[in-house]
Each structure stands twice: as structure tokens, then as C-alpha cells.
Amino acid sequence: MSYPFQITSYGQYKEAYKKSVEQPEQFWSDIAEQFLWRKKWDKVLEWDFKKPDVKWFINGKLNITENCLDRHLDTRGQVPALIWEPNGKEEPHKVITYKELHFKVNQFAQVLKNNGVKKGDRVCLYMGMVPELPIAMLACARIGAIHSVIFGGFSAQSISDRLQDAQAEYIITGDGAYRGGKDIPLKNTIDDALVTCPFVKRVIVYVRTQSPISMIGHRDVWWTDEIKKVEAQGNPLVDAEEMDAEDPLFILYTSGSTGKPKGVVHSSAGYMVYTTYSFVNVFQYQPGDVHFCTADIGWITGHTYIVYSVLCAGGTSLMYEGLPAWPDAGRMWDIVDKHKVNILYTAPTAIRSLMAYGLAPLEGKDLSSLKVLGTVGEPINEEAWHWYDEHIGKKRCPIVDTWWQTETGATMISNLAGVTPSKPSYATLPLPGIQPVLVDEQGKEITGNDVSGNLCIRFPWPSIIRTTYGDHERCRLNYFATYDNMYFTGDGCYRDEQGFYRITGRVDDVLNVSGHRIGTAEVENAINMHTGVLESAVVGYPHDLKGQGIYAYVIMDAMPDNKQLAQADITQTVARIIGPIARPDKIQFVTGLPKTRSGKIMRRILRKIAEGELANLGDTSTLLDPGVVNEIKEGRV
Ligand code: PRX
């Protein structure tokens, strides 16, 4: 397998970039030619950001799983597609070749069919990091069902919201999931969610932890029983459904600045083409390389860089069930050593937390297989970058700092490993096809170098978000209405003297906690559900390990006698309503919030207080009650 679209020199990158801007249709059509199509497209691109309406590879027909699996069978059938490393060190790992994965996906696609799942149906996947998760995703894609993976850390309420929004009638889950020392009760949480989702017809349960669970007759079935039925049918070959290029491939919910998560919808063809293009170029993947992305498949990083792009490229993807520092701080390095990992892709939070253990966990670990390192999800501080470079890459592995989002499907701005220049804490240059623009508050483009602004993208790329499920207007308002004719990312950005981009963080009310996106409004809504809470305001503050921590200011109907207990109770409510990832790190009880005369909360002031910048709070004279600021300053936790 070779990659004709792999860029191998800085000169080639510049050439490719130029062509992608001057002749985008020709550029992407040449790349799309490298994939397997049932029918080629009539036209490469139609777009109108005002609506928004973006279509790539119009009237092209394909099935992404034929690109991920069937295409490789003749030449790479015995090559490992997935290597699965279990949570516990003692349990043996699994290697699943392309041939085996093809068989398993086919088998589970038949299970889905037997259970009534059809093209266009939404299937919710709430599972741990077991091979059955990518198998189920691919099985959905094989028959044209739209999967919606929900991260295993979300609560019953969050699941219910997502099930209702997508009207998902089918669920695939586990009895439980292992994550470090914990056994996550997946099925119990699903049962709680389903109290409010009577439309769910079928729950397929994969047994991993042997935890006691309830199984409701006529609704819940066991994964293995269903597989046995397919075996009894003689394991028939399931025809991959012929999908239109623009048919949705999946929905993935993500947080925005409003209270309700949005169901980001990705297309079949555009997502396939761009994710694979980015994978091969950013990581400079070579056939045979073992690619280890440490993300959970419940997030976009796992969808793209554990499952779809790696398999489309015929690569070997290592997935790990557990946590980087469990059962000991050397676990991640053991995995790299054991599986001779060539590419390691992780989040700055993970690097910072491993860094905190010092160098002892690295002793005796052979990391010489590593060729490329990557980071994603949040800005990486220089200290973590240098530690990663010196102690993990031993100064011989380029580090790619990949900036992208759930909505962009794949990496947008990043150096290409060893091919284009890198600079600590900079995502550096856009990939071919990506046209970043910095704009001021009024939407005026900021040209030149050594400037900062809000980051927008001027022209569509193949894996751009198509809609927010069930509410297209929301998609328009969120991403395409702030600035005329541009996709707005929600991120602030600096462009240095050389034209390199550095992402400076969100400019909207979205937090990035340990590389996970959390909307402040969502957390506030959850806090406000707690008994006695009258109002709350949530802001982020710098956190050594998590990047950002969650700071909540809360007004209660009466100041609690036992503040510590009240804080713990509120934390528990948030964990119940959203999930443990959204738990506030700090809660301060206040009697009022700084508001303008029109009633708008001045978050700038709250942010500064949370950050400990008490001296320079700016102009507070326009506040309804300036006195409240002193009280908040004094009560800072
Ligand atoms: O703020 C940016 C930050 O993560 C946001 C996207 O979050 P999500 O959709 O959950 O996807 C995360 C994984 C792709 C962005 O708006 N972000 C992502 N990558 C970087 C980053 N911030 C700085 N540097 C990055 N490399």
C-alpha cells in the first residue's frame, strides 16, 4: 500500500497548498480517486455558507467500510488492523487482522439487520474501549445506519437527552466497562436513561465485566446470543449498503455555548477522504507502522484517528482499554515498548499528568520504536512539549500539534511530521485545503503577521460539519452566522511573524477541561437543578493538570451551614446530570453576581477573580451593584 497523496517535503507541501487554494476541485478530486467508489462523483463541490449547504463528491456512491476493510483483503488480509491492549496488565492482548475484522464487522452487521436496524436508523453506542466498539461502528456504517457514540462517562440524563434528540431506537452497550481501577456500570446507566426513552426498541449488551445487570424481556438481548444466531444462519455475507457521498455517516454530540449539546453530523465520502488524507500526511504514516491514539472512541479523536482514517489507510491501530497511569505510572510506556508503537498521539493533559510522576516510570522501557509524537485537544504548554520531546521522543521524533474540532472531522492546522517546520506550542501551518482567516470582533479580516484574532475558515474542506442533527438553523447560527461567509471556530488565535498559527483557547463560553469540551451553560443548568440554588455562573481558570478547571459561583436561597457538604452535594448533582467530567473543581457561594444594568453577567470579572487576578478587574462602574465584586473577591476559594 502506498499513498500517492503523501507529501514528503516542505516544497511539496507548499505546492500542494497552492494547488488546493487555486484549484480546489481538481485537488480534491485527484485525492478522492485513490479511494474505492461504487460510482464516481458528477461534480466535486457545491457550497453556500449562508445556508449552510456544503456538498462534496456529488452523486458519488460508496460504502466507507469497503474502504476500511474489503479493499485491503487481498493485499493486507493478514495485517493487524486493530491491536487491543486490555485494562489489566495480566490479561492477554488481542490482534485482529483485516480479514478477521472484516468477518466480525460482517457478522455484527447481520446482527443489526436481524434486529431490524435499517439504513438511516440511529444507533447509540455506549461502550467501553473494547474491540466490539469499532466493530459495532463499522457494522452500522456497513448497513448505512447512523451511529451516535456516547462517551462512557456521560450520565443517564445526558444519554437520554442524546437519545431523544437523535430519536435513536437501538442501543449497543456493555454490562460494564473497565477503566483503571473502576468498573463503569454501563447497562445500569442505560436502564436509568431509558426510563425517559420508551421509543427504544432494542438494547444489545456485550459482556465484559460480568457485572450483575437487569435484562428486560423483548427489549434487551445479549451480543453473544445474537452472534450465535448469525452463525446458525451460516454467517451470510452482508452486502455493504450503497451510500450517497452525502449520506450521514455518524452523529457525535459536542458542547457549545448554549445549554444543550449539538449533534454534529458528518458525511460518508467527505469525512473519509479528508480524514485519511490528514492521517497519512500529518503523521507521515508508513505501511506497517503501529499507530497508538490514546483518546477514547467516545470523542471525535477516537472516531477519526483510532477507527476510520487508520483503517482507510490500511494501517494498524492500537486501542487501549484503560488509563495511562494505571495500575502504575509506567503503563503507557509499557504499552509503547510491548507493541513497538511507532506513532503516539495523546493529549497535553495526559503528558502533564505523566510528567508529574518524574522519570522513574520510564526506566527500563524501550521507546526506540517511536518515530512520531502527536498532541491534540488543547494548547500544549512549552514545558510539557519539551518534556515530551526530550524524554519520550528522545529528541528524534517530530511532534505534531494538531488543531481541530469535532465539527472539522480531522486535523486542520498542524505541522506534518518531519516534513514541515514545528514550533513548540504552535499548531503551525494549515493542511492543504484549509484556509484560515483571523477576524476582529466586527468580522473584518486581520491581515499580515504578528497578529491575533478570532479564527475562521474561509473555504469548505471535505469533512466539514454538514448540520446539527434535527436543527439545521442551530448549525447556521453557531458556525456560519457570526461572520459573513466563513466558518467560525470559536477559538482565538495568534499568527506569528512567520505566519505560524498558535491557538490561544476558546473565545466563547466553552471550557476545555482535560481536552474535553464542556459548555459553561450546561454546567450552570445542572447546578441550577440542585435544590436551593437560585442562580450560578461558571467560568474556567488555569489548572496545572487539566489545562482548565471549572469554577462555579453559586447563589443559594440561604447560605449553607455546612459549606463543604453543600459543595459536595452540588458536585454530585452535576455528576448525575452531565457526568463526572463536568464536576466543578471549585464552588464559591455568593450572595450576588456582577451584572450590568441590563442583567448580563460580567463573566470577564468572574474569570479574573477565579484566575486570582484580583488587582486589575477593569471598569466595574457599569455594574448594577459594584459592591458585590468585593464580596466575591474576599470569598474566593
Ligand atoms: O479549543 C480548541 C481545542 O479543542 C477544541 C475542539 O474540541 P473538540 O471538538 O472536543 O475536539 C477535540 C479534539 C480534536 C478546539 O476548538 N483544541 C483542539 N486541538 C487543539 C486545541 N487547542 C489548542 N491546540 C490544539 N492542538
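Start at 1 and go down the list; that is how both ligands and their atoms are numbered.
- A 4.5 Å side-chain heavy-atom check between P460 and F49 finds at least one atom pair inside the cut-off.
- If you check the side chains of T406 and Y253, you find no donor sitting under 3.5 Å from an acceptor.
- Per-residue contacts place P379 under 4.0 angstrom from the following atoms of ligand 1 (heavy atoms of the residue considered): 22 (N), 23 (C), 24 (N).
- The shortest N or O to N or O distance between D401 and ligand 1 is under 3.5 Å.
- Taking atom 9 (O) of ligand 1 as the reference point, the nearest protein heavy-atom neighbour is T406 OG1, 2.6 Å.
- Near W404, meaning under 4.0 Å from any of its heavy atoms, are these atoms of ligand 1: 6 (C), 14 (C), 15 (C), 18 (C), 19 (N).
- Judged by distance alone, the side chain of N512 and the main-chain N or O of Q548 form no donor-acceptor pair under 3.5 Å.
- Taking every heavy atom of V376 and a limit of under 4.0 angstrom, the matching atoms of ligand 1 come to 13 (C), 14 (C).
- Considering only non-hydrogen atoms, atom 13 (C) of ligand 1 lies nearest to T301 out of T375, T301, N512, T304.
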- Is there a ring-ring contact (aromatic ring centres under 6.0 Å, His included) between F283 and Y305 once you walk through the steps? CA-CA 10 Å; F283 299 104; Y305 295 114; 5.6 Å; yes
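- Atoms of ligand 1 lying under 4.0 Å from any heavy atom of G377, numbered from 1 in the order shown and given with element: 3 (C), 4 (O), 17 (N), 18 (C), 19 (N), 20 (C), 21 (C).
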Report all side-chain donor-acceptor pairs from residues 451-459 shorter than 3.5 Å, counting only partners two or more places apart or in another chain.
{"from": "N454", "atom 1": "ND2", "to": "Y483", "atom 2": "OH", "distance (Å)": "2.9"}
{"from": "R458", "atom 1": "NH1", "to": "E445", "atom 2": "OE1", "distance (Å)": "3.3"}
{"from": "R458", "atom 1": "NH2", "to": "E445", "atom 2": "OE2", "distance (Å)": "3.4"}

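- At under 3.5 Å, a nitrogen or oxygen of Q405, whether backbone or side chain, sits near a nitrogen or oxygen of ligand 1.
- You'll find the ring centres of Y501 and Y426 outside the 6.0 Å limit.
- In this structure, a donor-acceptor pair under 3.5 Å is present between the side chains of S267 and R466.
- Ligand 1 places these atoms under 4.0 Å from at least one heavy atom of D491: 1 (O), 2 (C), 15 (C), 16 (O).
- Checked against side-chain hydrogen bond (donor to acceptor under 3.5 Å, both in side chains), H516 has the following partners two or more places apart in sequence or in another chain: W299.
- When E378, M412, R506 are checked for heavy-atom proximity to atom 21 (C) of ligand 1, E378 turns out nearest.
- Atoms of ligand 1 lying under 4.0 Å from any heavy atom of R517, numbered from 1 in the order shown and given with element: 6 (C), 7 (O), 8 (P), 9 (O), 10 (O).
- Under a 4.0 Å criterion applied to the non-hydrogen atoms of I503, ligand 1 contributes the atoms 22 (N), 23 (C).
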